[in-house]
Amino acid sequence: MGYANQYLAEAAEILRQLDRESIEETVDLLVALRRRGGRLFVLGVGGGAGHASHAVCDFRKIAQIEAYTPSDNVSELTARVNDEGWETCYANWLRGSRLGGNDVVLVISVGGGDAKKNVSPNLVRALDYAQEVRAPICGIVGRDGGYTAQVASVCVLIPVVDSSTVTPHTESFQAMIWHLLVSHPKLKATETKWESLQPVAHA
């Protein structure tokens with residue numbers, strides 16, 4: 001069939017299996033966050049860190065939600081890693097940001113963190129801190145969702161259709177999901193540039 005056909009067939013199957021209800025529940029969680037004037041803290045590692053930065057831009061600009069991510073400030077992040085350790089860097093950043101029950105933590109991760117396997121322990125510790133201060137947690141994750149799926153109020157799980165392509169598919173669909181969120185009629189507050197340039201249709 002060829003790899004391109006196989007990969008795209010997997011993507012189509014993932015799209016078919018995506019849980020629409022969890023996406024709508026995430027929208028409602030974020031609508032409530034904006035209504036009460038809370039902040040959104042987006043956490044990711046590796047590709048998830050890049051996604052977090054892009055998502056923060058979109059949530060701020062398009063959905064008008066005050067949003068932040070630790071990976072946007074490399075000086076602070078690396079200082080915390082150097083002085084305090086990798087495992088606690090995100091939790092301490094959230095503590096320094098005065099995370100509280102009025103805010104929401106969003107995790108964008110392939111595995112969602114796993115303390116036993118020592119995978120993304122900084123996400124695990126950050127989620128422990130979020131629970132401590134009663135901040136709602138949501139996630140867009142792959143595989144079995146890991147620790148994020150265990151503790152989140154709502155979690156969008158990217159289905160696995162081929163164990164050999166979990167990471168590329170998960171990271172691809174994460175971008176699709178957060179773009180769906182910010183463009184959802186309940187959340188979208190600002191017109192995006194190219195859509196605003198479309199000619200007005202006349203009857």
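Keep in mind that what you see is a predicted model, and the values were worked out from it rather than measured.
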Problem set entry | side-chain contact (heavy atoms from CB on, under 4.5 Å) partners of Pro159, counting only residues at least two apart | Ile14, Gln17, Leu18
Problem set entry | For Asn102, side-chain contact (heavy atoms from CB on, under 4.5 Å) partners two or more places apart | Arg36
Problem set entry | Where at least one partner belongs to residues 95-104, residue pairs that pass salt bridge (Lys or Arg N to Asp or Glu O under 4.0 Å), sequence neighbours excluded | Arg39-Asp103
Exercise. Among pairs that include at least one residue of residues 161-190, which meet salt bridge (Lys or Arg N to Asp or Glu O under 4.0 Å), considering only residues two or more places apart or in two chains?
Worked result: Asp28-Lys186, Lys188-Glu191
Minimum heavy-atom separation for [X] and [Y], please, with both atom names.
X	Y	value
Val107	Ser109	CG1-CB, 3.7 Å
Leu77	Ser71	CD2-CA, 4.1 Å
Ala55	Ile108	CB-CD1, 4.2 Å
Cys138	Thr26	SG-CG2, 4.5 Å
Leu29	Pro136	CD1-CB, 4.2 Å
Ala135	Gly100	CB-O, 3.4 Å

According to a hydrophobic-cluster definition based on side-chain heavy atoms being under 4.5 Å apart (Ile, Leu, Val, Met, Phe, Trp, Tyr only), do [X] and [Y] belong together?
X	Y	value
Val154	Leu30	yes
Val105	Tyr147	yes
Val156	Leu15	yes
Val31	Phe59	yes
Val151	Ile158	no

Is any side-chain heavy atom of [X] less than 4.5 Å from a side-chain heavy atom of [Y]?
X	Y	answer
Leu106	Leu43	no
Val56	Leu40	no
Val45	Leu123	yes
Thr148	Leu127	yes
Ile137	Val104	no
Phe173	Ile140	no
Tyr3	Thr165	yes
Val182	Leu187	no

Output yes when a side-chain donor or acceptor of [X] lies under 3.5 Å from a complementary backbone atom of [Y], and no otherwise.
X	Y	result
Tyr90	Val124	no
Thr170	Gly142	no
Thr69	Val42	yes

Exercise. With sequence neighbours excluded, what pairs up with Asp128 under the salt bridge (charged side-chain N to carboxylate O under 4.0 Å, His left out) test?
Worked result: none
Problem set entry | For Arg35, salt bridge (charged side-chain N to carboxylate O under 4.0 Å, His left out) partners two or more places apart | none
Seminar exercise, completed: Residues at least two apart in sequence or cross-chain that pass ring-ring contact (aromatic ring centres under 6.0 Å, His included) with His184, listed by chain then number, are none
For this session: Using ring-ring contact (aromatic ring centres under 6.0 Å, His included) as the criterion, list what pairs up with Trp93, not counting sequence neighbours.
Result: Phe41
Problem set entry | Check against side chain to side chain contact (heavy atoms under 4.5 Å, CB included), Leu181 and Ile23 | CA-CA 8 Å; Leu181 296 175; Ile23 297 172; 4.2 Å; yes
Exercise. Which ILVMFWY residues are connected to Val166, directly or by a chain of links, through side-chain heavy atoms under 4.5 Å apart?
Worked result: Val110, Val160
For this session: In sequence, state the C-alpha distance, the side-chain angles, and the governing distance for Val161 and Glu10, and then conclude on side chain to side chain contact (heavy atoms under 4.5 Å, CB included).
Result: CA-CA 6 Å; Val161 299; Glu10 291 170 4; 3.6 Å; yes
Exercise. How far apart are the C-alpha atoms of Tyr7 and His169, what are their side-chain angles, what is the distance that settles it, and do they pass the side chain to side chain contact (heavy atoms under 4.5 Å, CB included) test?
Worked result: CA-CA 9 Å; Tyr7 189 92; His169 281 312; 3.4 Å; yes
Residues 61-68, side-chain donor-acceptor partners within the protein, below 3.5 Å, at least two apart:
from: Gln64; atom 1: NE2; to: Thr190; atom 2: OG1; distance (Å): 3.0
from: Glu66; atom 1: OE2; to: Tyr68; atom 2: OH; distance (Å): 2.5

Problem set entry | Contacts of Asp58 that satisfy side chain to side chain donor-acceptor pair (under 3.5 Å) - sequence neighbours left out | His54, Trp178, His179
Exercise. Given the rule in the side-chain hydrogen bond (donor to acceptor under 3.5 Å, both in side chains) test, do Glu84 and Asn92 qualify, once you have shown the distances and angles that lead to the verdict?
Worked result: CA-CA 9 Å; Glu84 303 159 8; Asn92 287 339; 2.9 Å; yes
Exercise. What distance separates Cys89 SG from Arg125 CZ, expressed to the nearest 0.5 Å?
Worked result: 10.5 Å
For this session: Please collect all side-chain hydrogen bond (donor to acceptor under 3.5 Å, both in side chains) contacts where either partner lies in residues 40-53, sequence neighbours excluded, each pair once.
Result: Ser53-Asp72
Exercise. Is it true that Glu24 and Arg20 have a side-chain N and a carboxylate O under 4.0 angstrom from each other?
Worked result: no
